[in-house]
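Inspection log for the structure reproduced underneath, given as structure tokens.
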Amino acid sequence: MHENLVIVGAGPGLGMGVARAFGKRGFRVGLIARNAERLAESVRELASYGITASAHPADVRDRGALTGALDDAQRELGPIDVLEYSPGPQAPITSAAETDPDAASAQFELCALGAVTAVGHVLPGMVARGRGSLLLTTGVSSLFPAPFLGNVGMAMAGLRNWAHALHIELASKGVHAAAVTIATGVNAENASDIGERYFGLYESPERAEEIIGDVAAFESIVRSNVAPRP
């Protein structure tokens, strides 16, 4: 029996790395993102590796479109066993002092509220089956405050906190929730290795987080950018 992974915010880097890691182990993969043409290319690429995949275009900030895409994926693939959420931040990205309600709301809608919508839609089925995985991707600004990522860090920290709370609450129901915190750039050279880290977390339901990259290096960058000028 096949298992099914759905990636929300499926891009050509991180998303495809995760898709390949799970797909080569027999998972069928549903891809959700705004760009229908790019999704179709990703489906063709995955097919070349022998991975069954389907494309479901939707803007994750449109809650009705997102839940509709999740329903489409389930109709085509079957029940969602693993939900991975990883849309990247989009403009406006504001500094801490420049962040206003509109800028904060824009990032919360994308990074946090989209995850709340997606999880809320698939979680009842997972609980009913007594199994499932929710892998919620955040950035390193959720761990270490970065003034130049003011509104992004607010949203990412909220998502990370919620992922940890879900981990505690859902463990007794057979559902594994966890945060994946990315503290490195994602590119063609490392996307597959990063995807393997996601699969390792999926196989370790006792763990609440996977941190990928060098948080100390990011902290050094932040401190150098805010150090007083001589």
Side-chain angles (χ1 to χ4, degrees), residues 1-62 65-91 110-111 114-115 117-119 121-122 132-140 159 176 178-204 210-213:
M1 180 178 176
H2 288 283
E3 291 186 287
N4 302 311
L5 160 74
V6 170
I7 300 171
V8 178
L14 175 61
M16 286 297 283
V18 174
R20 289 191 297 269
F22 282 79
K24 73 181 185 181
R25 293 172 170 93
F27 278 76
R28 294 178 295 194
V29 180
L31 305 174
I32 297 176
R34 289 185 302 171
N35 191 317
E37 183 177 346
R38 190 173 67 190
L39 286 181
E41 293 174 0
S42 296
V43 168
R44 289 191 292 270
E45 180 182 338
L46 291 171
S48 73
Y49 303 129
I51 298 169
T52 299
S54 60
H56 308 279
D59 187 332
V60 302
R61 295 167 296 188
D62 182 331
L66 175 54
T67 56
L70 289 165
D71 286 339
D72 288 344
Q74 292 189 92
R75 278 191 290 268
E76 185 158 345
L77 300 173
I80 296 171
D81 301 291
V82 181
L83 175 75
E84 191 275 315
Y85 189 87
S86 55
Q90 297 175 13
L110 178 67
C111 299
T117 298
V119 168
H121 200 64
V122 305
S133 292
L134 306 166
L135 306 179
L136 307 180
T137 302
T138 74
V140 66
L159 178 59
H176 176 209
V180 181
T181 300
I182 305 292
T184 186
V186 182
N187 52 52
E189 287 71 37
N190 66 7
S192 291
D193 289 340
I194 291 174
E196 292 295 324
R197 300 280 292 273
Y198 276 79
F199 191 81
L201 180 60
Y202 158 75
E203 287 192 307
S204 305
E210 176 79 4
I211 298 174
I212 301 173

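Note: hydrogens, waters and symmetry copies are ignored here, and every other heavy atom, side chains too, is used.
- Minimum interatomic distance between L39 and A55 (heavy atoms only, all atoms of both residues): CB-CB, 3.7 Å.
- In this structure, the separation between OH on Y49 and CZ on R20 is 5.0 Å, given to the nearest 0.5 Å.
- When side chains are defined from C-beta on, N190 counts as touching V186, because their heavy atoms get closer than 4.5 Å.
- Closest approach of A10 and R38 over heavy atoms only: O-NH2, 4.2 Å.
- Here the straight-line distance linking atom CG of L46 with atom CZ of R28 works out to 14.5 Å at 0.5 Å rounding.
- Residues passing the ring pair (Phe, Tyr, Trp, His ring centres under 6.0 Å) test with H56: none are found, sequence neighbours excluded.
- With N4 contributing its side chain and Q74 its backbone, the two residues share no donor-acceptor pair below 3.5 Å.
- Taken from OG1 in T137 to OH in Y85, the straight-line distance is 10.0 Å, to the nearest 0.5 Å.
- With R197 contributing its side chain and I211 its backbone, the two residues share a donor-acceptor pair below 3.5 Å.
- Smallest separation of non-hydrogen atoms from P87 and V60: CG-CG2, 4.1 Å.
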Could you go step by step and tell me if D72 and I32 meet the side chain to side chain contact (heavy atoms under 4.5 Å, CB included) rule?
CA-CA 10 Å; D72 288 344; I32 297 176; over 6 Å; no
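- The side-chain heavy atoms of V122 and L134, taken from C-beta on, include a pair separated by under 4.5 Å.
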Please lay out, stage by stage, how H2 and L77 fare under the test side chain to side chain contact (heavy atoms under 4.5 Å, CB included).
CA-CA 9 Å; H2 288 283; L77 300 173; over 6 Å; no
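- Taken from CG in N187 to CG in L14, the straight-line distance is 11.5 Å, to the nearest 0.5 Å.
- Nearest heavy atom pair, residue H121 against residue T67, reads NE2-O, 3.6 Å.
- Residue L159 comes nearest to A115 through the heavy atom pair CD1-CB, 3.6 Å, listed as atom of the first residue, atom of the second, then distance.
- With R25 as the fixed residue, the salt bridge (charged side-chain N to carboxylate O under 4.0 Å, His left out) test singles out one of E3, E203, E196: E196.
- Put simply, the side chain of E41 does not reach to within 4.5 Å of the side chain of E45, judged on heavy atoms.
- Considering CD1 of I51 and OG of S42, their distance stands at 11.5 Å, rounded to 0.5 Å.
- Residue L83 holds its CG atom at 8.0 Å from CG of L135, rounded to the nearest 0.5 Å.
- In this structure, F199 and F27 approach most closely via the heavy-atom pair CE1-CE1, 4.0 Å.
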